[in-house]
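To keep things clear, I will list the structure first and then write my remarks on it.
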Amino acid sequence: MNTKRDKIAIMQSMLQIVANKSGRIKPTEIMYKANLSHEMLKVYMNELLSKEFIIEQVDKKGKRTYTVTIKGYTFLKDYEVIKKFFDSYHLN
Amino acid sequence: MSQLALIPWFFTYDLALDVLFAVISLSLSLFAFKIFKVTAQKQARFFGISFLFIGLSYFVQFFFSIFKISFSDLSSCKEAWFFSSCGFYLPMMLMIAGFMILMYTTFEIKNRSVLCILLLISLVGLFLSSNPLLVYYLVLTLILAFIAGSFVKKYFEKKQVLSLVTAIAFLFLLFGSIHFLFSLNHQVYYVLGRFFELIAYLLILVNVYLVLKR
């Protein structure tokens, strides 16, 4: 990474990773693929969950997996416009 | 504020500009609220609120200018005095609130009390001053100077076309505001200020187009 990624870009990256393997991805895999620290993963996972962009599923063994919601897919679809809007007014 | 524009030939243009700026501001506000709906980012919501206030300020200004012209013969009655006072103070309050919220968003201030204090100080100054227009233009110029300065600084950090358009638009808003300060003594500066405002809002419109362009 040459430049510091902003919040919106990290959220898009995480959502895209979850969307690519919807329902079959574990938190550690998201952490590695999105190039995040453990602390940052926790912060952003909570953010995505609270905004209802993803939902968490826990199986009988206690294994957690994630699925992108319709709201999350809308975010991904409109990401380019959102990113440009945030960039032009330096919102983050 | 068109209460200053006593230049007869400019009055109609002044009204048209109020409507144009209101439409652009409210469209930008609506766009920001749509972005907020998708992202749930607080900053998008505050941005939307700020331009909602700015847009409403222009609309209220337009409405009261029309009222003033239509009911100029009723200037002695109490209702006319009340409406005239509302028409004078309300647009200024809305405009200061709008740009103050924009400053709050731009500088990523987390504490809402800071916004409330700044807003209260500005409004108290406006109401207690013997020259409210001077206080209004002065406060607006200061807020715009900080916002424009921040956008220029951020453009030099990222060097993106969109950031450049935003920075230039807010610099024009600042130039406009400075001219309004001088317009208290020379009315021609009011026309110049409105011209700079027009360039600024057209640039904001260009920015929206560039954002939406796929």
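Per chain, numbering begins at 1; letters A, B, ... match sequence-line order.
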Heavy atoms, side chains only, cut-off 4.5 Å: are [X] and [Y] in contact?
X: B/Q41; Y: A/I8; answer: yes
X: B/T39; Y: A/F86; answer: yes
X: A/F53; Y: B/V38; answer: no
X: A/Y89; Y: B/N207; answer: yes

**Contact origin within A/E52 toward chain B - heavy atom pairs under 4.5 Å** = neither
**A/K84 (side chain) donor-acceptor with B/L210 (main chain) under 3.5 angstrom** = yes
**Message:** Tell me whether B/T166 contacts the main-chain N or O of A/S88 through its side chain, where contact means a donor paired with an acceptor under 3.5 Å.
**Reply:** yes
**Request:** Could you list all the ring pair (Phe, Tyr, Trp, His ring centres under 6.0 Å) pairs where at least one residue sits in residues 90-114 of chain B, not counting sequence neighbours?
**Result:** B/F46-B/Y104
Where does [X] contact chain A at under 4.5 Å (heavy atoms): side chain, backbone, both or neither?
X: B/L28; answer: side chain
X: B/K42; answer: neither
X: B/A167; answer: neither

Any chance you could measure [X], atom [atom1], to [Y], atom [atom2], to the nearest 0.5 Å?
X: B/I147; Y: A/H90; atom1: CD1; atom2: NE2; answer: 12.5 Å
X: B/I35; Y: A/D78; atom1: CD1; atom2: CG; answer: 7.5 Å
X: A/F75; Y: B/K37; atom1: CZ; atom2: NZ; answer: 16.0 Å

**Message:** Is it the case that over 12 heavy atoms from other parts of the model lie below 6.0 angstrom from the OH atom of B/Y13?
**Reply:** no
**Prompt:** Does atom CZ of B/F195 have more than 12 heavy-atom neighbours, drawn from other residues, nucleotides or ligands, at distances under 6.0 Å?
**Reply:** no
**Item:** Partners passing ring pair (Phe, Tyr, Trp, His ring centres under 6.0 Å) against B/F182 (at least two apart in sequence or in another chain)
**Value:** B/Y189
